[in-house]
Amino acid sequence: MCLVVGFTIVVIVVLSSVLWFRTLRAADQIDLLLNISFKLGIQRFVLRRPVLHNLSLANGRTLLMPRAFLKYSIDEVLKLDIRHDDIIVSSYMKAGTTWVSEIVWLICHNADTVAAKQSSVHRRFVYVEALDHQGFGCGLQTIEKLPEERRRYIKTHLPFELLPNELQRSGKGKMIYVARNPKDLCVSLYHFYKMVVTGLPEPGTWSEFLSNFCRSNVAYGSWFRHVEKYWQVYQERKDTMYFVTYENLKKDLKEEVKKLAGFLEKELSDEEIDRIVRHCTFANLSVNQNANYSEADASGVMDFKISKFMRKGEVGDWKNYFTINQNDEFDRMFQERTKDWTLKFEFDPSN
Ligand code: A3P
């Protein structure tokens with residue numbers, strides 16, 4: 001008898017929890033599940049390696065992503081209101097997003113490197129479409145919870161066509177796009193896929209991954225379309241958009257910091273610029289716990305034993321991975337796909 005009553009109570013509790021859960025917005029459902037899983041320390045099982053799906057979005061477009069990502073977020077990101085003082089750093093993954101986010105944040109905070117070292121750049125710059133930003137919480141919800149008077153620093157890897165509608169239409173706020181040559185980017189992405197043990201699919205071998213990258217069979221889809229579209233928009237919106245390349249940052253960090261400060265309409269002294277440059281060298285940023293994703297390693301979302309997030313920070317590392325054949329094939333495809341581009345990339349630092 002006791003058993004039957006107990007069982008009935010359990011069934012009622014479970015059913016009403018399920019019904020209540022279903023009334024929640026998808027974003028809140030995922031946030032709740034993630035919070036519970038992080039509290040219980042079982043995030044590894046909840047955020048297991050996903051499969052990529054071609055997901056249909058509210059605006060009729062599709063994007064290749066882990067399903068959970070989009071289930072809640074991108075349709076809602078499309079609706080996000082943009083403010084005039086929003087700062088958006090956009091890029092294809094592994095283009096140097098974290099580096100530029102840190103630079104931009106410092107420029108906007110008068111080179112306050114002490115404050116920058118006190119909180120993670122991933123909390124200061126919110127990854128808007130992230131389901132779970134490597135253990136930092138759902139991006140959109142974090143942004144929605146920011147106090148009205150706080151300026152918003154937004155990071156995204158979304159293709160231009162999937163940015164918030166208002167941002168696409170109006171060019172409100174200030175946007176910085178970061179681009180990196182696709183050979184180094186692909187190598188960096190390969191290591192990233194390996195070490196993000198929850199959240200991205202297994203990359204397979206280098207040659208399998210390269211082939212998937214070339215066929216746009218990776219999260220966020222085609223690198224070519226991503227960069228090309230942002231570059232086109234940049235030609236029409238130079239007052240509210242800035243385009244920076246990883247290779248130029250490597251070549252002359254100080255000059256790029258100055259240009260970025262100009263774009264952001266911040267007057268900084270030479271001493272402040274120098275402080276930002278020193279803080280943002282690879283040697284310094286890669287050991288900075290508030291920039292190098294140590295938290296994600298600690299939470300088990302990334303595995304630094306496989307690869308560090310701040311891995312090598314070089315131009316030309318691709319030469320250690322591409323075979324002669326792979327390189328020839330890539331070059332042929334690259335020439336073909338970019339023959340009409342005015343944007344040029346540097347692949348070799350010695351040139
Ligand atoms: P590697 O894997 O080639 O080392 P993102 O932030 O977009 O994910 O990009 C990460 C890449 O930027 C990594 O590339 C990382 O090492 C590199 N990076 C980050 N900070 C850097 C810096 N200060 N100088 C050079 N490269 C940097």
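We count ligands from 1, going down the list as the structure has it; atoms in each ligand are counted the same way.
Between Phe309 and Tyr293, the ring planes are tilted. Angles from 30° to 60° get that label. In this structure, His109 and Tyr153 have tilted ring planes: the angle between them lies in the 30° to 60° band. Between Phe334 and Trp223, the ring planes lie tilted relative to each other; the angle falls in the 30° to 60° range.
Here the shortest heavy-atom distance to atom 23 (N) of ligand 1, taken over Cys280, Gly96, Ser188, belongs to Cys280. Here the shortest heavy-atom distance to atom 17 (C) of ligand 1, taken over Tyr293, Tyr246, Phe192, Trp318, belongs to Tyr246.
From the protein, the heavy atom lying nearest to atom 8 (O) of ligand 1 is Lys94 NZ, 3.0 Å. The nearest heavy-atom contact from the protein to atom 19 (C) of ligand 1 is Met310 SD, 3.2 Å. The nearest heavy-atom contact from the protein to atom 7 (O) of ligand 1 is Thr97 OG1, 2.4 Å.
Considering backbone and side-chain N/O of Arg180, one or more are found under 3.5 Å from N/O of ligand 1. The distance criterion of under 3.5 Å between nitrogen or oxygen atoms is met by Thr98 with respect to ligand 1. The distance criterion of under 3.5 Å between nitrogen or oxygen atoms is not met by Met93 with respect to ligand 1.
With a 4.0 Å cut-off on non-hydrogen atoms, Thr281 touches ligand 1 through its backbone and not its side chain.
Salt-bridge formation is not detected for the pair Arg169/Glu166: no Lys NZ or Arg NE/NH1/NH2 atom is positioned less than 4.0 Å from an Asp or Glu carboxylate oxygen.
The closest approach between any non-hydrogen atom of Asp317 and ligand 1 is not below 4.0 Å.
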